[in-house]
Number of protein chains: 4
Amino acid sequence: MNIHAKVPVGVLGASGYVGQELLQLLTRHPGASVVFATAESAAGERHDGVELLPIADAPLGRAEIVLSALPHGVSARYVQEARAAGKRAVDLSADFRLSPEAVYGLTEVTRPRLAAAELVANPGCYPTAALLALLPLALRGLIDESREVVIDAASGVTGAGRTAKRELLFGEVAEDYRAYSAGNEHRHLPELRATLEREGGFQGDLVFTPHLLPVKRGILETIHVPLTRLVDRATAEGVYDAVYADEPCVAVLHGTLPSLRDVVHRNRVAIGVAMVANVRRPRLTVIAAIDNLVKGAAGQAVQNMNVMLGLPETTGLIC
Amino acid sequence: MNIHAKVPVGVLGASGYVGQELLQLLTRHPGASVVFATAESAAGERHDGVELLPIADAPLGRAEIVLSALPHGVSARYVQEARAAGKRAVDLSADFRLSPEAVYGLTEVTRPRLAAAELVANPGCYPTAALLALLPLALRGLIDESREVVIDAASGVTGAGRTAKRELLFGEVAEDYRAYSAGNEHRHLPELRATLEREGGFQGDLVFTPHLLPVKRGILETIHVPLTRLVDRATAEGVYDAVYADEPCVAVLHGTLPSLRDVVHRNRVAIGVAMVANVRRPRLTVIAAIDNLVKGAAGQAVQNMNVMLGLPETTGLIC
Amino acid sequence: MNIHAKVPVGVLGASGYVGQELLQLLTRHPGASVVFATAESAAGERHDGVELLPIADAPLGRAEIVLSALPHGVSARYVQEARAAGKRAVDLSADFRLSPEAVYGLTEVTRPRLAAAELVANPGCYPTAALLALLPLALRGLIDESREVVIDAASGVTGAGRTAKRELLFGEVAEDYRAYSAGNEHRHLPELRATLEREGGFQGDLVFTPHLLPVKRGILETIHVPLTRLVDRATAEGVYDAVYADEPCVAVLHGTLPSLRDVVHRNRVAIGVAMVANVRRPRLTVIAAIDNLVKGAAGQAVQNMNVMLGLPETTGLIC
Amino acid sequence: MNIHAKVPVGVLGASGYVGQELLQLLTRHPGASVVFATAESAAGERHDGVELLPIADAPLGRAEIVLSALPHGVSARYVQEARAAGKRAVDLSADFRLSPEAVYGLTEVTRPRLAAAELVANPGCYPTAALLALLPLALRGLIDESREVVIDAASGVTGAGRTAKRELLFGEVAEDYRAYSAGNEHRHLPELRATLEREGGFQGDLVFTPHLLPVKRGILETIHVPLTRLVDRATAEGVYDAVYADEPCVAVLHGTLPSLRDVVHRNRVAIGVAMVANVRRPRLTVIAAIDNLVKGAAGQAVQNMNVMLGLPETTGLIC
């Protein structure tokens with residue numbers, strides 16, 4: 001299917017929810033060949049035709065690029081090892097997201113820096129949706145920074161990982177819904193704030209409240225944006241249209257709002273807007289939805305890898 | 001169990017989700033006796049031991065008080081008929097919520113007016129949670145009305161009624177999540193605004209965005225409150241403690257936030273707060289949770305009925 | 001509410017799903033007063049107004065009867081301790097179900113032996129539904145023992161307990177369904193076989209296959225019964241009607257089949273039948289449904305306790 | 001990607017659950033080009049990049065092959081119209097499954113007859129899983145026809161279609177589970193019986209009981225097979241291994257049983273077996289799982305189309 005040889009790829013941490021998604025995407029990827037995949041408790045099992053190895057046995061030398069879905073705090077060490085062995089890397093953990101060593105891999109925003117990157121830090125799932133929704137408005141000077149931007153985000157449980165915890169049992173989560181890390185306590189906030197400022201010049205206040213949804217996958221963020229001036233819905237949609245006109249993985253909706261169904265199992269962010277009636281000062285509500293495991297993690301990692309390798313950006317992805 | 005005779009009660013509209021819950025509560029109520037219950041498509045069926053009648057056959061004269069769970073727009077006519085027959089009534093529809101004819105039945109707030117009321121308008125589900133969360137802060141002058149109060153609310157699907165609609169099929173709702181009526185378009189907003197002003201003197205702006213949750217029952221509202229002055233969490237909790245100290249159906253949480261599990265199948269609102277860190281101006285996040293069918297509808301109707309009849313307020317209810 | 005003093009009751013193991021349900025039932029029970037409740041990891045928490053104690057601190061002497069929802073293998077020891085202290089006991093674990101020391105507490109079947117029992121072994125959830133469905137047919141000689149009785153049972157996940165296991169995570173169970181312990185490997189089979197023989201004289205073969213349902217609570221068993229002679233549906237229903245005519249906690253359906261909705265949150269078994277068309281030898285399909293936490297565990301334990309104490313059998317229960 | 005021109009394909013009935021899946025598969029199919037797709041209520045909408053037309057406007061002449069996901073009873077007329085226009089067709093409805101005009105499209109079984117077929121009747125979802133599980137045993141003479149084969153099948157709600165019906169609302173189905181069409185009343189039985197006899201020579205009795213699962217997609221069938229002789233598990237697995245050794249879309253499990261997770265979103269049947277202990281006569285329990293929308297409908301239709309067109313059988317499919 002590809003006249004060029006397939007690029008040999010290594011996967012670190014292939015048994016969590018993100019790692020499984022990543023392995024599935026890569027084993028079906030027409031331009032990549034998975035030369036190894038690691039997992040600890042699942043070592044010895046075969047997933048998607050690949051035998052999982054203990055990480056100590058990973059033949060790093062055989063890969064041209066390594067993608068790591070290891071846990072935060074664990075990933076950095078192995079990514080550094082791969083880098084020391086001369087390998088390019090995409091790290092899906094949070095370990096390099098605030099580090100100057102890595103290029104931040106929000107593909108639509110940092111694409112020009114990715115082609116030559118040796119190390120790409122794949123964004124967090126919540127920041128991916130929030131940034132793609134807020135940056136176009138920030139860059140146009142539409143956000144009134146004297147008022148707070150309020151983000152209520154809801155995520156499916158795969159976002160909380162695959163480690164056995166009582167609070168994540170079906171018997172606890174089904175038919176339930178709750179906020180967590182309220183009061184700006186979520187660990188994704190520094191990444192979100194830093195990127196909004198660096199890429200969008202935004203210096204206002206954020207209030208970010210994540211919630212746990214009784215679904216397997218998907219993130220929907222309801223983003224309340226105070227505006228510097230009144231714009232109608234079509235104008236707001238036009239701002240997104242202009243920025244994302246040629247983006248294969250961004251769906252700007254017109255006159256409707258996204259739901260999880262529009263994005264799950266796809267490497268896509270869907271964005272829709274509503275003007276807020278009956279308030280004295282101008283406001284926009286922006287809804288952004290992604291699949292936390294795809295555009296929010298494994299899919300965007302593959303998208304970044306494609307750019308790094310000079311492959312067509314959506315190779316192996318359904319947007 | 002009760003030395004007094006049971007009060008004869010009539011139920012209008014007993015086959016929808018609210019009506020079913022109401023009939024179940026009333027048939028188990030130790031101080032009430034259901035003398036009739038109506039339903040149209042389900043007429044002839046027996047629910048909870050009561051045969052459902054077509055509304056035209058309802059023996060209004062046999063009831064002392066009538067509770068109507070008929071749809072909005074339909075209920076008013078039959079409630080007026082019951083009133084004309086000299087019956088007291090609790091209307092669970094929206095038809096009288098903005099009408100001076102009726103006492104607004106937010107029990108904890110309007111209790112003194114309920115005892116003598118002939119007609120009580122039972123509050124909407126979303127306003128019930130929002131009002132019980134916001135009124136104590138408004139009455140203390142803690143809400144900064146120069147900034148908008150942002151409410152993101154999520155409701156289980158029984159809140160959307162039991163009429164067959166494609167968008168409410170299991171195949172559409174399961175694993176999905178979405179906002180609707182965004183931009184302050186929800187029909188509960190006038191009720192919410194009017195009551196906040198009347199009972200709390202609040203004149204600020206609201207931004208209200210409801211969402212559809214893939215659960216059967218329960219509402220959780222994440223309420224973003226700009227504060228007039230910095231208060232710590234314990235102080236904020238203390239405000240609620242003071243107001244709700246003797247309330248059997250309000251659970252003020254300390255140091256934790258409510259989830260749907262805390263409230264479903266109970267006639268309870270649970271309220272928790274979080275101070276917002278890393279913002280320049282003081283802000284509080286309040287989470288309020290109710291069961292939309294109980295404290296948000298049928299349970300509160302029974303609570304109101306109990307007050308009207310001079311019964312202990314939680315008779316027949318689990319708070 | 002009760003002119004007699006409330007019976008002091010102790011609960012062992014109150015933090016699992018069964019234990020929580022039991023504590024909730026008992027704290028609302030008008031004839032019982034919970035004098036202690038134990039839990040290990042949750043010791044110190046208050047549930048339903050009762051502070052959970054480490055089991056070592058349980059004041060056994062203060063209770064008149066002890067109900068144990070401790071795990072299998074652990075329960076026996078503490079139940080024996082309570083017995084040695086002169087307390088009557090209901091054990092919800094499997095530890096005494098095959099023991100001659102205990103009366104088997106399938107209330108509708110063994111009621112006469114319960115009043116004087118010192119120790120009652122509460123039946124397993126799967127056997128409860130299967131036995132109430134099969135015993136009336138066995139006692140009438142309707143089951144053709146030369147052919148196998150096939151039982152496919154599906155249970156909500158609370159039946160698997162509240163211990164954190166990866167296979168019970170929401171991310172694994174939601175949208176999934178699977179058989180387990182297929183091939184007659186389930187540990188409830190000896191209890192089921194022994195009771196069918198002892199109480200019904202049944203000596204045929206059983207094939208029992210449990211399945212894990214993505215719901216929180218409820219068991220539905222599809223029971224395939226080879227018949228000794230052809231009977232029509234009304235006749236089969238009549239067999240159940242005759243046996244269960246005065247039973248408050250058994251619902252015999254006529255012309256319809258039960259679903260989980262009919263039984264969850266109730267101490268009820270619902271039974272419906274269908275004749276099998278287009279087969280050469282007579283066969284009946286019986287569907288039985290219960291709430292695994294109520295009639296399948298905590299509710300039946302309370303029902304048994306009521307009989308032991310001489311209270312009306314459904315006190316504190318909704319059937 | 002393909003040096004040959006893509007085959008022009010038409011889709012009838014693209015807005016139901018099966019039709020949506022079919023359109024998605026075909027628009028991503030590297031060897032096919034969707035030249036039209038029809039839908040009635042959704043006419044005018046674009047799905048997967050294709051504008052849906054009213055069926056009256058379908059340009060039948062532009063397609064080389066037509067796939068119909070129209071409802072049973074409606075499909076035959078339009079398929080005949082396509083046939084009259086000289087088009088080959090795959091009909092996903094039940095309309096031709098018992099007709100000698102059509103080749104029955106159970107790919108693994110009827111493959112040799114498909115290449116030249118003008119009209120293929122795509123099997124029902126329940127029969128697909130049951131037949132692939134039972135035919136290898138029947139052909140080996142392993143099924144004891146003097147005893148009944150009992151099949152308990154559970155299906156996700158998309159199997160019931162996308163028409164708005166109260167019984168399929170999320171509020172009814174979530175947390176519920178129930179049997180339907182019990183007593184051999186399901187309309188798939190004649191298809192199942194006829195095919196078992198025609199392709200496997202099976203003449204025994206079947207007892208088939210479908211159940212409605214609270215999941216979106218997936219079918220799991222628990223199939224109870226009386227055996228003519230005792231075989232151990234490995235031998236039984238070996239029977240399937242032998243028959244399906246080269247089949248890309250059949251996964252024979254060894255020592256484990258399939259669950260829905262193994263098959264959803266894949267064009268795959270997964271089959272596992274368990275020997276039944278503690279019964280007097282030999283018995284096997286076979287579990288078969290498919291995605292009702294993929295291998296049970298749209299995926300198998302594409303698999304059949306590929307064979308008809310001489311394309312590699314799994315083109316455009318993930319097995």
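What you see is a predicted model, and the numbers here were worked out from it, not measured in a lab. Letters go in sequence order (proteins before strands), and every chain restarts at 1.
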Where A164(B) and R166(D) come nearest, the two heavy atoms and their spacing: CB-N, 3.5 Å
- request: Grab the two heavy atoms, one from T163(D) and one from L169(B), that are nearest each other, plus how far apart they are.
  value: O-CD1, 3.8 Å
task: Measure distances from E172(D) to the heavy atoms of chain B and classify the residue's part below 4.5 Å as side chain, backbone, both or neither.
output: both
task: Under 4.5 Å heavy-atom distance to chain B, tell me which part of K216(D) shows up: side chain, backbone, both or neither.
output: both
message: Heavy-atom cut-off 4.5 Å, strictly under: side chain, backbone, both or neither for V157(D) against chain B?
response: side chain
